[in-house]
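Just follow the structure's listing: the first ligand is 1, and inside any ligand the first atom is 1. Computed from a prediction, not measured in an experiment: that's the story for all the values here.
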Amino acid sequence: MLLLPLLLLLLLNLATATTTRVSLYLGSGTSDNDNDAFLANLPIALSQAFPHGDYTITTFLEDEFSNDLLTKTDLLIFPGGSGNGQATALGDDNLALILSWVNAGGSYIGTCGGSFLGMSHIGFYGTPTPTLQEPWDRGSGNVSVEVLDVGFEELALDRDIFAGNITIMYYQGPIVKPQDLPSDVNMLAMFRTEIATNHPEETMGEMINTPAITSKEVGKGRVVLNSPHPELQPVVPEIYAGEILWVLKLV
Ligand SMILES: *[C@@H]1O[C@H](CO)[C@@H](O)[C@H](O)[C@H]1NC(C)=O
Ligand SMILES: *[C@@H]1O[C@H](CO)[C@@H](O)[C@H](O)[C@H]1NC(C)=O
């Protein structure tokens, strides 16, 4: 006789427990390689952020994007590829919808192409959008990234593990000089080495001491943009775990 009320209580608890709903874009303008890395490593980061497993990941293509999807989303993630390609696939109206959704309290994480999308197309860092260093196709490889104090605080990273330089894969993400960012953009981590394989006469010296990871409070929402790829080898899931908790205002 006691079992039924207990069962009801349990069901009620499950129904009311907060689940973080992540929507990950895998449509035009993304790359199969990076999509696979997100599908493999985002769950690791989410499990670090939510040890009880109370999260869901929904993937969507451009024609599955809608206001209805946003109402069922707590965190939007745009992976690498081409920021232009992603912007074209989604279209201006949807980009404006994402901006107003974040302003109203939504959370956005963009990496490489998704960072270009956030900075240069959605306009999270203001308009006119920040000047980026050109040409963008400077090459790829592992780079040294140093987390700054504000990064340690926002991302709740363990200083014993992440002090000094950490190695992250870079694949032609946006490079922006600190002085070209509005003052309300936080610089969480800096590039300490560079990639200038392509167009070295123009790209050499541009990348060192520019921000690798930035964040901003956008209206009632929060945004983190990664220029490099913590989801690619050598994978650093702790960075995403920290970013996820920060953009969701859980820290
Ligand atoms: C980057 O570093 C990781 C681990 O140190 C290594 O597995 C990977 O092959 C490197 N990537 C490149 C492109 O050198
Ligand atoms: C990070 O790497 C750069 C370039 O190799 C080096 O100059 C700097 O001292 C390193 N920083 C730390 C904290 O180890």
Side-chain angles (χ1 to χ4, degrees), residues 26 29-48 77-83 85 109-116 132-181 185-215 224-244 246:
L26 298 182
T30 63
S31 92
D32 288 347
N33 243 356
D34 200 37
N35 292 353
D36 288 347
F38 265 99
L39 290 171
N41 296 318
L42 185 58
I44 298 172
L46 281 161
S47 307
Q48 290 179 0
I77 299 184
F78 282 82
S82 157
I109 293 176
T111 294
C112 197
S115 175
F116 274 112
L132 303 182
Q133 296 304 300
E134 301 282 358
W136 57 270
D137 53 333
R138 60 193 65 237
S140 62
N142 283 332
V143 289
S144 292
V145 169
E146 186 181 347
V147 180
L148 302 184
D149 279 342
V150 54
F152 278 111
E153 282 156 28
E154 274 191 16
L155 306 182
L157 288 173
D158 188 332
R159 286 181 192 258
D160 291 336
I161 298 173
F162 295 103
N165 289 315
I166 53 180
T167 302
I168 308 182
M169 180 67 184
Y170 172 83
Y171 215 112
Q172 312 196 129
I175 300 301
V176 54
K177 292 198 180 299
Q179 61 266 31
D180 291 333
L181 283 173
V185 172
N186 307 313
M187 296 189 285
L188 308 187
M190 309 296 280
F191 289 115
R192 294 305 188 207
T193 59
E194 70 177 344
I195 301 291
T197 322
N198 300 343
H199 317 289
E201 58 295 333
E202 291 160 279
T203 55
M204 194 156 324
E206 277 186 337
M207 197 172 152
I208 293 176
N209 299 330
T210 67
I213 307 175
T214 54
S215 73
V224 170
L225 302 181
N226 299 297
S227 177
H229 289 273
E231 76 286 358
L232 293 179
Q233 290 296 335
V235 185
V236 197
E238 292 83 356
I239 290 182
Y240 281 111
E243 293 178 355
I244 289 163
W246 186 79

Asker: Kindly check if the number of other-residue, nucleotide or ligand heavy atoms within 6.0 Å of OH (Tyr171) is above 12?
Answerer: no

Asker: Which heavy-atom pair separates Val176 from Pro211 by the least distance, and what is that distance?
Answerer: O-CD, 3.1 Å

Asker: So, the side chain of Gln172 versus the backbone of Arg138: is there a donor-acceptor pair under 3.5 Å, distance only?
Answerer: yes

Asker: Atom CG of Asn142 and atom CD1 of Ile168: how far apart are they, to the nearest 0.5 Å?
Answerer: 9.5 Å

Asker: Donor-acceptor pair, distance only, cut-off 3.5 Å: does the side chain of Glu146 make one with the backbone of Met190?
Answerer: no

Asker: So, regarding Asn142 and ligand 1 (criterion: nitrogen or oxygen to nitrogen or oxygen, under 3.5 Å), is there a contact or not?
Answerer: yes

Asker: Around ligand 2, what residues show up once you keep those with a heavy atom under 4.0 Å from it?
Answerer: Gly164, Asn165, Arg192, Thr193

Asker: Ignoring hydrogens and geometry, is there a side-chain-to-backbone donor-acceptor pair from Ser144 to Thr193 under 3.5 Å?
Answerer: no

